[in-house]
Structure formats: C-alpha cells, structure tokens
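Whatever order the structure lists ligands and atoms in, that order sets their numbers, starting from 1. Because the structure is predicted, anything quoted here is derived from the model rather than measured.
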Amino acid sequence: MKKEPIILAIESSCDDTSAAIMRGRKSLSNIVSTQEIHKEFGGVVPELASRAHQKNIIPVVDAAIKKSGISKNDIDAIAFTRGPGLLGSLLVGVSFAKSLSMALKKPMIEVNHMEAHILAHMIDDDFKTPEFPFLCLTVSGGHTQLVVVKSPLEMEVIGETIDDAAGEAFDKISKIMELPYPGGPLIDKYAKKGNPDAYKFPHPKVGELEFSFSGLKTSVLRFLQKEVRQNKNFVKEHLLDICASVQKTIIDILINKLKIASYKTGIKKIAIAGGVSANSELRQRLLNNQFGWNVFIPDFQFCTDNAGMIGIAGYYKYQKQIFVDQSVSANARLRI
Ligand code: KG4
Ligand code: ZN
C-alpha cells in the first residue's frame, strides 16, 4: 500500500498561530493559539500580531507534533501560508518553515490562505466532502469571495467584495456598539434572542456577483447615532434586536449572491468557508434552503484560521510534487 505523506503545516497570516500534522487527508493534530492581546484594541494590531507569532510558533509546532504521535523525522514536507495576510505575521511562518526545511532536509510547499479555507472541505473527518466542481462562498475577516472550485489546484474567483469583507462588517458594526473584538461571534449570539425584522438596513447596489459592506456599516452608524441622540441607552436596550437585524441583512446579502452564482454556473453543490461560515444563521438557512442545494460546511475547527486547512492544501501539491525553494517570500496580496 502507498504510504500517505506526513505534512507539518503552519499558519500565521493574521492573529492565530497554528500548526497541524496531516497524514494524507487526515488531520492528526491541529493546534491553534489565538492572540488575545488584540481584544483591548478593538481589532488586530499588526506589530503586536507579528511579535505574538514569534513567541508562539515554537510551542505551537511542538504541541502539534506531540499531539499527533509522530516524530520530527517522520515529516515528509512542510507546508506554510505564503499569503494573503499581514506581512509581518506571514514573515514569521515563512521564516520558520524555511529554517525547519533546512534543518530537517525536507521540501517546502507554499499555500494560498484563501485556497486553503476552501480545501478545508476535503479534510477526511466526520463532515461530508463535496465532489468537484463545487461553488464556495469564502467569508472571513479579510475576504468575501465566490469561487468555482474545479479541482484542488484549479479555482476561479467569480465574484468578490469591492470594499469591506463580511467578517469585517460584523466586527466594525460590533465595534460601533462597543462590543469587544471579534464581534462576529457576539452578534451571532445576541441575534439568537432578537427580532431580525426590528430594523431595516439597505442592500448595496453593486454588480451581480460583487459584494459591498462599507455602506451597511455607515448606515448602521448613522441610524445608531440618531437613536442615541434621543436615548443614550438605545444600544444597550435594543442590543438583541439590532444584532438580529444586522445579521439578517448580512446573511440575506450573502445568500442572494449565492443564488445568482448558482444560477449562472449551474452548480448546486454549495460550500462555505472562512470564519463567518461559523455563523449559525448562515448555516441554518443554507441547510434549510429551498433551492435544491447540496450544502457543505466543514467542522467548526476548520472554519476559522487553522493549519489543518494549510495541511490539506499542501497535501494536494505534495501529490504533484509542487515544492518551493529557499528563495520563496511572503506575499501579503497573494491572489487565487
Ligand atoms: O477566517 P477567519 O478566522 O480569519 C480571517 O482570515 O479573517 O475569520 C475571522 C472572521 C472575523 O471577522 C469574525 O468576526 C468572523 O470571522 N466570525 C463570525 C463568527 N465567528 C467568526 N462572524 C459571524 N458569526 C460568527 N459566528
Ligand atoms: Zn482566514
């Protein structure tokens, strides 16, 4: 029987330091250290993120190796996130991968973070895996994209945001309401107890497959400023309804665009990826859809930033022996 490759994967593109060990498509370990330091600043501070990655990377990699039960010498290749992301954060992972590759004399595989979010669906775990081709809505703190996934190494972006990402909209609106960062999970939590039809916010007027969320943020800001002038406790008193109404608007926008993309491509296998795919309303509405879609949602740990997804993307490149050498550099604006 062919031996499945063992890949050590490293992710450091934003504010999570993560390492995973994959054996073939199975994740043997997936350790994520989330940097708490950004909470008090209401968003990720790049310089602090980079420093925290430097501090965390060795313990996180050690923990991933220990938990997997393999030894360092069993590793066949090292996969790392080359981009997109924050340059200072990416540099830590890229430099670490380069040094380890030299020390262990094992090849390196560069991975695109956005492709990895999508390929998380292919991890062999207890969630169902889509067959190619499928349509993926990738919604994270930095990106909102509609991608036709033709094969593990062949993807086409057919639509994306022209300004803020969906996760950014959640985070910026929650910041207006003085909720801690990241606001997405909190809005999700409060929305469960609120009335989604309490307040109406406009949908953006953009191209058929384009997204825009900066107008929504401004309209929520103006609305709250007006209400607060009359009642300074407005946000506190109506938090649940505001959260439910904002969340409904964002999810309506996402699902409408998915409907257009599915109609245009004729693809009914619909996957979601990225941090916002953890959102309970998005999941529920997709799973209960009336459009004949077969919906794919990976396990929670593989939705937000994690190295398991870098490992599976690395696995597909390993199969084709697509490696990079020591001249590789981080690319903060890497595109699919
Ligand atoms: O993919 P991710 O972990 O990091 C990036 O690559 O950006 O996504 C983080 C984003 C944040 O904006 C966070 O607020 C959002 O995902 N998020 C959520 C939920 N969980 C995380 N947004 C809405 N509902 C959630 N349950
Ligand atoms: Zn991400």
Side-chain angles (χ1 to χ4, degrees), residues 9-18 20 30 32-35 38-39 42-44 46 49 53 80-86 89-90 93 111-121 136-145 147 160-161 164-177 179-192 194 196 211 213 216-217 243-244 246-255 271-286 297-310 312-313 332-334 336:
I10 294 162
E11 155 64 30
S12 74
S13 66
C14 190
D15 58 342
D16 295 302
T17 318
S18 181
N30 185 28
V32 183
S33 166
T34 301
Q35 303 173 1
H38 307 289
K39 272 206 170 109
V44 178
H53 283 304
F80 64 93
T81 307
R82 183 174 175 215
L86 300 169
S89 291
L90 290 164
V111 171
N112 176 314
H113 181 88
M114 301 311 295
E115 292 177 2
H117 266 303
I118 295 171
L119 291 173
H121 283 274
C136 187
L137 170 71
T138 314
V139 268
S140 71
H143 299 268
T144 301
Q145 291 184 327
V147 184
E160 60 192 323
T161 181
D164 292 352
E168 209 174 347
F170 273 107
D171 297 339
K172 285 183 174 169
I173 291 171
S174 69
K175 194 173 176 185
I176 296 171
M177 296 189 286
L179 298 175
Y181 174 86
L186 285 172
I187 292 188
D188 189 357
K189 183 175 142 198
Y190 295 134
K192 287 195 175 92
F211 299 88
F213 290 103
L216 174 64
K217 174 196 64 195
C243 287
V246 165
Q247 178 167 290
K248 178 174 187 284
T249 310
I250 297 176
I251 306 302
D252 278 347
I253 293 171
L254 296 177
I255 291 183
I272 51 171
V276 181
S277 59
N279 183 269
S280 50
E281 184 178 339
L282 178 62
R283 287 171 170 239
Q284 214 162 40
R285 285 178 53 188
L286 285 177
I297 305 175
D299 194 57
F300 186 81
Q301 63 161 318
F302 300 119
C303 286
T304 47
D305 287 351
N306 69 90
M309 68 185 201
I310 306 303
I312 186 80
R333 297 184 173 275
L334 193 63
I336 284 185

Engineer: Distance under 4.0 Å to a non-hydrogen atom of Asp188: what atoms of ligand 1 satisfy this?
Structural biologist: 24 (N), 25 (C), 26 (N)

Engineer: Would you sort out whether Glu11 and Thr81 count as a side-chain hydrogen bond (donor to acceptor under 3.5 Å, both in side chains), showing the intermediate values?
Structural biologist: CA-CA 5 Å; Glu11 155 64 30; Thr81 307; 2.6 Å; yes

Engineer: Stepwise, does the side-chain hydrogen bond (donor to acceptor under 3.5 Å, both in side chains) test hold for Asp15 with His53?
Structural biologist: CA-CA 8 Å; Asp15 58 342; His53 283 304; over 6 Å; no

Engineer: Does Asp299 use its side chain to pair, donor to acceptor, with the backbone of Phe302 at less than 3.5 Å?
Structural biologist: no

Engineer: Check each atom of ligand 1 against the heavy atoms of Thr304 and keep those under 4.0 Å away; list them by number with element.
Structural biologist: 3 (O)

Engineer: Evaluate the criterion side-chain hydrogen bond (donor to acceptor under 3.5 Å, both in side chains) for residue pair Ser280 and Asp188; output intermediate values, then yes/no.
Structural biologist: CA-CA 7 Å; Ser280 50; Asp188 189 357; 2.5 Å; yes

Engineer: Examine the proximity of ligand 1 to His113 and report which part, side chain or backbone, both or neither, has a heavy atom under 4.0 Å away.
Structural biologist: side chain

Engineer: Going by heavy atoms, is His117 under 4.0 Å from ligand 1?
Structural biologist: yes

Engineer: Among the N, O or S atoms of Asp305, which one sits nearest to the Zn ion (ligand 2)?
Structural biologist: OD1

Engineer: If you define the side chain from C-beta out and look only at heavy atoms, does anything of Leu186 sit under 4.5 Å from Phe170?
Structural biologist: no

Engineer: Among Val139, Val44, Val276, which one puts a heavy atom closest to atom 15 (C) of ligand 1?
Structural biologist: Val276

Engineer: Provide the number and element of each atom of ligand 1 under 4.0 Å from a heavy atom of Gly167.
Structural biologist: 12 (O)

Engineer: Determine whether the side chain, the backbone, both or neither of Asn279 has a heavy atom under 4.0 Å from any heavy atom of ligand 1.
Structural biologist: both

Engineer: Using distance alone, decide if ligand 1 has a nitrogen or oxygen within less than 3.5 Å of any nitrogen or oxygen in Gly274.
Structural biologist: no

Engineer: Within ligand 1, which atoms have a heavy atom of Ala278 less than 4.0 Å away?
Structural biologist: 20 (N), 26 (N)

Engineer: Between Ser12 (side chain only) and Ser89 (backbone N and O only), is there a donor and an acceptor less than 3.5 Å apart?
Structural biologist: yes

Engineer: May I ask you to check whether Glu168 has an N/O atom sitting below 3.5 Å from an N/O atom of ligand 1?
Structural biologist: no

Engineer: Under 3.5 Å, is there a donor-acceptor pair between the side chain of Ser13 and the main chain of Gly85?
Structural biologist: no

Engineer: Could you tell me whether some N/O pair between Asp16 and ligand 1 is separated by less than 3.5 angstrom?
Structural biologist: no

Engineer: Would you please determine whether Cys14 falls within less than 4.0 Å of ligand 1 on a heavy-atom basis?
Structural biologist: no

Engineer: Taking distance alone, with no angle check, do Ser280 and ligand 1 share an N/O pair under 3.5 Å?
Structural biologist: no

Engineer: Regarding atom 1 (O) of ligand 1: of the candidates Gly275, Ala169, Ser277, which has the closest heavy atom?
Structural biologist: Gly275

Engineer: Check whether any N, O or S atom of His117, backbone or side chain, sits closer than 2.8 Å to the Zn ion (ligand 2).
Structural biologist: yes

Engineer: Check each atom of ligand 1 against the heavy atoms of Gly142 and keep those under 4.0 Å away; list them by number with element.
Structural biologist: 7 (O)

Engineer: Checking Asn30 side chain against Gly308 main chain: does a donor-acceptor pair fall under 3.5 Å?
Structural biologist: yes

Engineer: Tell me whether the Zn ion (ligand 2) has His113 as a neighbour, meaning an N, O or S atom of it below 2.8 Å.
Structural biologist: yes

Engineer: What pair of heavy atoms forms the shortest contact from Ala9 to Ala307, and how long is it?
Structural biologist: CB-O, 3.3 Å

Engineer: Say whether, by atom type as modelled, one donor and one acceptor occur between the side chain of Ser140 and the main chain of Gly142 under 3.5 angstrom.
Structural biologist: yes

Engineer: When you measure from atom 11 (C) of ligand 1 to each heavy atom in Asp171, Val32, Ile251, which option holds the nearest one?
Structural biologist: Asp171

Engineer: Could an N or O of ligand 1 be found under 3.5 Å from any N or O of Gly141, whether backbone or side chain?
Structural biologist: yes

Engineer: Is there a nitrogen or oxygen of Pro182 sitting under 3.5 Å from a nitrogen or oxygen of ligand 1?
Structural biologist: no

Engineer: Between Asp252 and Ile250 (side chain of the first, backbone of the second, donor and acceptor by atom type, cut-off under 3.5 Å), is there such a pair?
Structural biologist: no

Engineer: Is there a donor-acceptor pair closer than 3.5 Å between any side-chain N or O of Asp171 and the backbone N or O of Ser174?
Structural biologist: no

